[in-house]
Structure formats: structure tokens, C-alpha cells
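A, B, ... follow the sequence lines: proteins, then strands. Residue 1 opens every chain.
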Amino acid sequence: MALLERSQWYDIARSTEWTPRYVTQDELFPPELSGGEGLPDDIWASYDEPYKISYREYVDIQRQKDAGAYSVKAALERSDLYNKADPGWISILKEHYAAVALVEYGASFQESRFIRWSKAPGMRNMATFGMLDEIRHGQIQLFFPHEYVNKDRQFEWSHAAMWSDNWVALGARHFFDDVMMTRDALSTSIFANFSFETGFTNLQFIGLSGDAANAGDFTFSKLIQSIQSDEARHAQLGTPLLQMLIENGQKEEAQKKIDIAFWRSYRLFTILSGIPMDYYVPLEVREASFKEFMEEWIVTQFMRSLEDLGLSKPWYWDIFIRDISEHHHGQQLGTYSWRPTLWWDPAAGVSPEERDWLEEKYPGWNDTFGKVWDVMIDNFVHGRTEKTVPGTLPVICNVSQLPIVGTPSQTLRDISLVHEGRRYHFASEVDKWIFEDDPERYRHHKNLVDRFLGGDIQPADLGGALEYMGLGRVGPGGDDAHGFAWLDSYRKQLATTG
Amino acid sequence: MADHIIDPVGPVLQSGEVARAVADAVVIDNEGRRVDIRDRGSYVRVEVEGGECVLRRSTIAEQLGRPFKMSELELNMPSFVGRIETGTDVFRFYHTFEQTPGAGHEEALS
Amino acid sequence: MALIPLAAHVDGDFVLKLVQVDTDHTMDEVAAAAAVNAVGIHVPEQPGRTMRVRKQGAAAPYERTDTVEKVGLTPTECVEIYFE
């Protein structure tokens with residue numbers, strides 16, 4: 001029996017609209033859950049998803065994707081990557097899985113909410129596939145690290161981290177709760193599908209795949225590209241919504257949603273992609289710097305998609321362009337200094353050869369961030385290990401939840417405001433703008449320092465903070481990925497000169 | 001830097017057999033337009049100048065030497081540049097706006 | 001007297017750090033408390049030079065003997081500490 005072409009039946013199959021008789025439209029699609037207020041009622045049926053697929057095609061393709069990823073894993077399991085790979089690479093796997101796997105389940109709830117609350121039938125249909133995609137991403141990114149749990153208990157964080165109050169987990173949860181879990185369906189799609197998925201996930205899931213292949217980790221390289229091939233499809237959910245807003249006089253609202261989501265995504269990815277790409281990936285296999293990947297995927301590709309819709313660069317573009325050369329360097333110094341607070345073993349990435357690379361990619365690095373490393377290296381080579389971990393907490397941003405860092409003697413400064421008697425701190429002017437735009441959304445949250453000062457963390461010292469974050473309790477905390485072997489060349493220098 | 005491709009669109013593909021076939025098919029199906037294939041190690045950027053890239057099932061099948069379904073493209077396509085139209089026999093990547101030379105961010109693509 | 005947390009920006013550091021001081025503490029004591037987790041940790045020691053405290057962005061430092069209470073710092077406000 002001949003099958004009809006998809007285009008011959010697709011419109012009928014996705015047309016699931018009906019007129020409710022027992023409830024009102026607003027009861028069926030409450031505005032706070034559905035969004036799209038001010039748009040004409042008949043617009044929703046015109047939503048036309050750009051990336052179409054039938055269920056038959058979906059099941060066939062997804063089966064092949066899984067078969068591909070799992071067969072690469074099975075074929076390479078005996079190659080003993082764990083013992084052969086550079087420890088810096090292993091740290092990337094630990095950081096990635098724990099920061100990502102559980103969040104993928106969250107994303108399946110996001111898509112589920114579209115299925116129920118989106119007023120556009122085409123979107124409800126495509127979100128069904130998106131929900132199944134995200135369940136796959138949660139499962140596969142828990143299964144793959146499970147291979148390593150018996151080799152290294154830090155891999156247990158793959159499942160545990162997001163349930164803990166580790167500071168990185170607090171930052172990730174605050175971000176995903178904001179952009180993915182607590183807004184109406186239309187806004188969520190613009191925040192999460194358009195800004196986060198068509199923009200930033202490319203950076204981690206495609207950019208890093210090249211480094212993975214170069215590092216010999218074909219399993220991870222295949223896995224993350226396989227995941228991103230789902231994203232490329234369901235990320236398209238947001239585009240028709242943006243067009244609807246723009247065509248109905250809500251361009252400013254659309255732009256603001258993107259501006260908020262873009263900045264928040266970017267700052268989270270300085271930790272998730274920025275630090276690994278410029279410090280953990282072994283020098284000899286680095287495909288490009290974080291800044292170069294940002295220029296390829298965000299500055300060029302994502303901005304073109306914005307311009308194509310008639311939207312503009314975010315208002316803080318100049319701040320952003322400067323920031324991609326500096327913020328993640330501060331976060332690397334912070335994460336490495338407070339390494340006991342991590343669930344992975346950070347690589348320092350500042351051997352003399354690596355510093356040359358950093359200076360080439362980020363001119364001026366040695367005279368700024370490098371000077372801080374000089375002090376740390378001096379302490380290490382002289383055996384003053386107790387001076388290499390600060391005995392207090394950093395001040396933390398009330399939006400990004402990340403430490404407030406800057407280029408030494410240049411851009412480090414506090415940006416704060418007092419709202420209803422409470423002082424809030426921000427890691428940038430943009431974070432402050434996000435807060436001021438909707439204080440009710442952000443004012444109640446307590447960051448790690450607020451909890452510390454409020455007495456939630458006992459004893460009130462670094463030890464108490466580690467306990468609170470689950471380090472040594474939920475799983476082991478971090479220490480230098482290479483057992484400080486990178487200091488050997490500095491020790492030799494000292495022996496020669498001293 | 002006058003050599004930069006203007007307003008490129010097209011698929012980003014996992015390196016391999018399908019990526020090579022699609023790259024060849026893009027050249028055939030977009031005759032008269034400049035096509036750049038940029039090898040980035042684990043992925044390949046296929047870029048067609050002028051804001052439109054057409055990709056035909058039959059051409060990919062010819063290049064592969066085996067039957068090909070357009071939905072299979074998704075197996076090897078973690079990203080793409082431009083908007084997308086997904087038919088049974090043809091995929092199209094496109095921009096709706098006119099990009100003038102030098103107005104974009106070509107410098108980052110070098 | 002009472003404990004008060006401040007955000008300390010020691011010149012040359014890459015990150016703001018929390019420092020707990022007392023409202024009775026002088027600015028010299030505030031500088032010393034901030035130095036514990038910055039000088040010799042992330043910022044080079046500079047023997048023989050005096051550390052001064054100023055409000056973020058201010059041109060002039062506070063008097064060295066003024067107390068936290070006297071200069072009117074509020075909880076988690078940011079102070080800059082620099083070598084004179």
C-alpha cells in the first residue's frame with residue numbers, strides 16, 4: 001500500500017483545535033500559563049512550525065540516533081578512556097554530566113507545559129516530540145557517566161548535584177527555574193527554545209564535540225552532537241512566536257525576553273563552556289578558544305537569526321563583547337581557588353606553555369589574571385598550600401548566583417542596590433537591570449552568601465559551607481586535576497634561579 | 001577581507017559520509033551561488049551565499065549512491081544557519097532580510 | 001559593638017570577598033581583616049606600605065582610626081582596600 005506524502009496529511013493531523021463549550025478560553029488556557037496576551041484569538045491556528053516531522057519519522061530517526069550513540073559507546077568501552085585521557089578531560093565530563101543531565105528532565109517538563117498550555121496547535125504537536133527528546137537527553141546523560149562511577153566517585157554527582165545546594169547547582173537551578181520553569185508557555189519558548197537552545201547549547205554540544213574528538217573521546221563527541229540534533233529541531237518552536245509578537249506590535253516585549261535570556265545563558269556558559277574550553281581541554285587538542293567559539297556560534301550565527309527576524313542586538317552589546325574576553329578568566333581563578341567546593345577536579349591550565357596560549361588568545365592576560373596566578377604559584381612552589389584556598393566566601397551575584405569577579409585593577413567592582421531594606425549585589429550592570437525589571441521575581445531568593453549570613457549554614461565557616469553544599473557528604477569535593485604536576489616546571493625555574 | 005562570503009545559510013553537519021554527500025549536493029543544487037565548505041574537525045559548515053540554500057533528496061541520494069530520506073538529515077545535523085523549510089523532497093535554508101556586504105559579523109567567520 | 005559583614009575589594013584581586021568585622025573596628029583593622037584572605041593569597045604582599053580603606057569609587061580614604069560605625073557602613077556594603 002502506498003503511503004501518502006507527509007505534506008498531504010500533515011495539516012489535518014496537527015489541527016487539534018476545538019471550541020470549548022463548558023469552560024471559557026481563559027479557563028482552558030489561563031493567561032499566566034499560556035501567555036500571548038494581546039494577540040488576536042485567531043492567530044494561534046496560523047502557527048506554522050518550520051521544522052516538521054511525523055511520529056513515524058520521529059521514531060525511526062530517534063531509534064537510529066540512539067543506536068549510533070550507544071554503539072560508539074559500546075565499541076569504545078574497552079579502550080579505557082578513563083585511564084588514557086588527560087585528567088582535565090575527565091573533569092569536563094564530570095562537570096558536564098552533573099550540570100546537564102537532570103536539567104534535561106526539567107526541560108521535558110518545559111515541553112510538557114507547552115503541550116498542555118500553548119494556545120497554538122502546531123506548537124503543541126511539535127512540543128510532544130520536544131518532550132520525548134528531553135527525556136532521551138536525561139536518560140542518556142545519566143547512563144553514559146554511570147560507566148565511570150566504579151572508577152571515580154565524583155561521577156556520582158551526575159545524578160546528585162542538582163539535588164544539592166552546591167553553589168554551581170544553585171546557579172544553574174536559579175537560571176533554569178527562571179528561564180524554563182516559571183514563565184508562561186510563549187515566554188518560555190522564547191527564553192528557552194530560541195535564546196538558550198538555538199544560541200548557547202550549540203557552544204557546549206557542538207563546539208566541545210570537536211575538542212572531544214581531538215581528545216580521543218569519540219563517545220562523548222558522538223553523544224553531544226546526537227543530543228544537539230534534537231535541539232536543532234525543537235529549538236525552532238520559538239521562531240513563529242517571535243514573528244507573531246513582532247507582527248502584532250509587541251516587538252519591544254519580544255526583544256526584552258531575548259535580552260534577559262541571552263545574558264543569563266551567557267553567564268552560565270562561562271562556567272559550563274568557558275572554563276573547560278580555555279583551561280581544561282589539553283592544550284594540544286584545543287580546537288578554538290572560548291572567545292572564538294562564542295564568535296562563531298553566538299556573535300555571528302545567533303545574531304544573524306536575530307537580525308533576520310528584524311530584532312536587534314541586546315542593548316548591552318558593548319558590555320557583552322568585552323565580557324567574553326574576561327569574565328570566565330575570573331571564574332576560572334575562583335573555581336580553582338575554591339576547588340574544595342566543586343564536584344570535579346579543576347585543571348589549573350596555567351603551565352608556561354598554556355599561559356603563552358592564553359596570552360595569544362587574550363592579549364594582556366599575563367598582566368592581569370596572570371598576576372593573581374603568580375601569587376598562587378609562588379605559594380604552591382614554596383609549600384604554602386594553606387594559603388592557596390581562601391578562608392572566606394566570595395561575594396555572590398543575586399541574579400547569576402556566581403561570584404562577582406572582574407579584571408584585576410580594571411573592571412572588578414560591586415554593583416548593588418537596596419530594595420525594600422535589603423541590599424542586593426550584582427556581577428554586572430546587566431544582572432542589575434534584569435533584577436530591576438522584575439524585582440518581585442528575584443527579590444525573595446537567597447544566594448549562598450545570604451544563607452551564610454542569615455545563619456542557615458552552620459558552623460559559619462568554610463567547613464560549614466562545604467558541609468551545607470554536600471561536599472564530602474553527598475560526594476567527594478574537588479582538588480587539582482593533575483595532582484599539581486603542572487607546577488613542576490615552575491619548581492625547576494625556581495631551582496635554577498634561586 | 002573582501003573575500004568573505006555574504007549572508008551564508010545552510011546546514012552544520014557531523015563529519016562523515018553524509019556530510020560529504022550533502023556538501024556535494026549543495027554545490028549541484030545551488031548552481032550559480034558561491035558555496036563554502038568549512039571543516040571544523042568534528043563538524044562541517046556548509047554555507048551558501050546570498051541567504052538561500054536548497055537541498056534535494058534526489059541529489060543527496062545520487063551522491064550517496066543509495067536511497068535517502070530527508071528526515072535522515074536530522075541524524076547528522078546538530079545545527080543550521082538560517083530559517084528552515086522541511087519538505088519531503090526538499091529542505092530549504094533561508095534568510096528573509098537583505099544583508100549588505102560588511103553589515104554582518106563576517107570577521108568572526110574567518 | 002556588633003558583627004557586620006562587608007564586601008571587600010582588595011586592589012589587584014579578581015573577586016569580591018566577604019569579610020566580617022565589628023562596628024567598633026577601625027579602618028586599619030578592617031584593612032587587616034580584608035587582607036587575611038587576599039594579600040599573599042591572590043594579591044602580592046607589599047611590605048612597608050600602609051593599607052587604606054575607602055568607599056567604592058571615593059577619591060579619598062577614610063581616616064585610619066575611624067570606626068566602621070562612625071563612617072556609617074551598612075551590612076555587605078563594598079569597601080576598597082589599597083596600598084598607599
Checklist outcome for this item: For C:Thr74 and A:Arg423, the nearest pair of non-hydrogen atoms, with its separation, is OG1-NH2, 3.6 Å
Item to check | Distance (rounded to the nearest 0.5 Å) between C:Cys78 SG and A:Ile404 CD1 | outcome: 8.5 Å
Item to check | Heavy-atom closest contact (A:Ser337 atom, C:Phe14 atom, distance) | outcome: OG-CZ, 4.3 Å
Checklist outcome for this item: Closest non-hydrogen atoms of C:His42 and A:Pro390, given as atom of the first, atom of the second and distance, are CE1-CG, 3.7 Å
Item to check | Heavy-atom pairs under 4.5 Å with chain A, option from C:Val43, C:Val19, C:Val15 with the top count | outcome: C:Val15
Checklist entry - So which part of C:Gln20 gets closer than 4.5 Å to some heavy atom of chain A, the side chain, the backbone, both or neither? => result side chain
Checklist entry - Where does A:His425 contact chain C at under 4.5 Å (heavy atoms): side chain, backbone, both or neither? => result side chain
Checklist outcome for this item: Of the listed A:Thr368, A:Thr392, A:Asp378, A:Val389, the one with the largest count of heavy-atom pairs under 4.5 Å with chain C is A:Thr392
Checklist outcome for this item: For C:Leu18 and A:Leu453 the tightest heavy-atom approach is CD2-CD2, 4.1 Å
Next on the checklist: Around atom NZ of A:Lys361, are there more than 12 heavy atoms from other residues, nucleotides or ligands closer than 6.0 Å?
Outcome noted: yes
Checklist outcome for this item: Checking A:Asp414, A:Val405, A:Val449, A:Ile396 against C:Leu16 for side chain to side chain contact (heavy atoms under 4.5 Å, CB included), the one that qualifies is A:Asp414
Checklist outcome for this item: Closest non-hydrogen atoms of C:Asp11 and A:Ser409, given as atom of the first, atom of the second and distance, are OD1-OG, 3.1 Å
Next on the checklist: Taking the side chain as everything from C-beta on, heavy atoms only, tell me whether A:Leu393 gets closer than 4.5 Å to C:Lys17.
Outcome noted: no
Next on the checklist: Tell me whether A:Lys387 is salt-bridged to C:Glu45, with the criterion being a basic N under 4.0 Å from an acidic carboxylate O.
Outcome noted: yes
Checklist entry - Do you know which two heavy atoms are closest between C:Ala7 and A:Val395, and how far apart they sit? => result CB-CG2, 3.7 Å
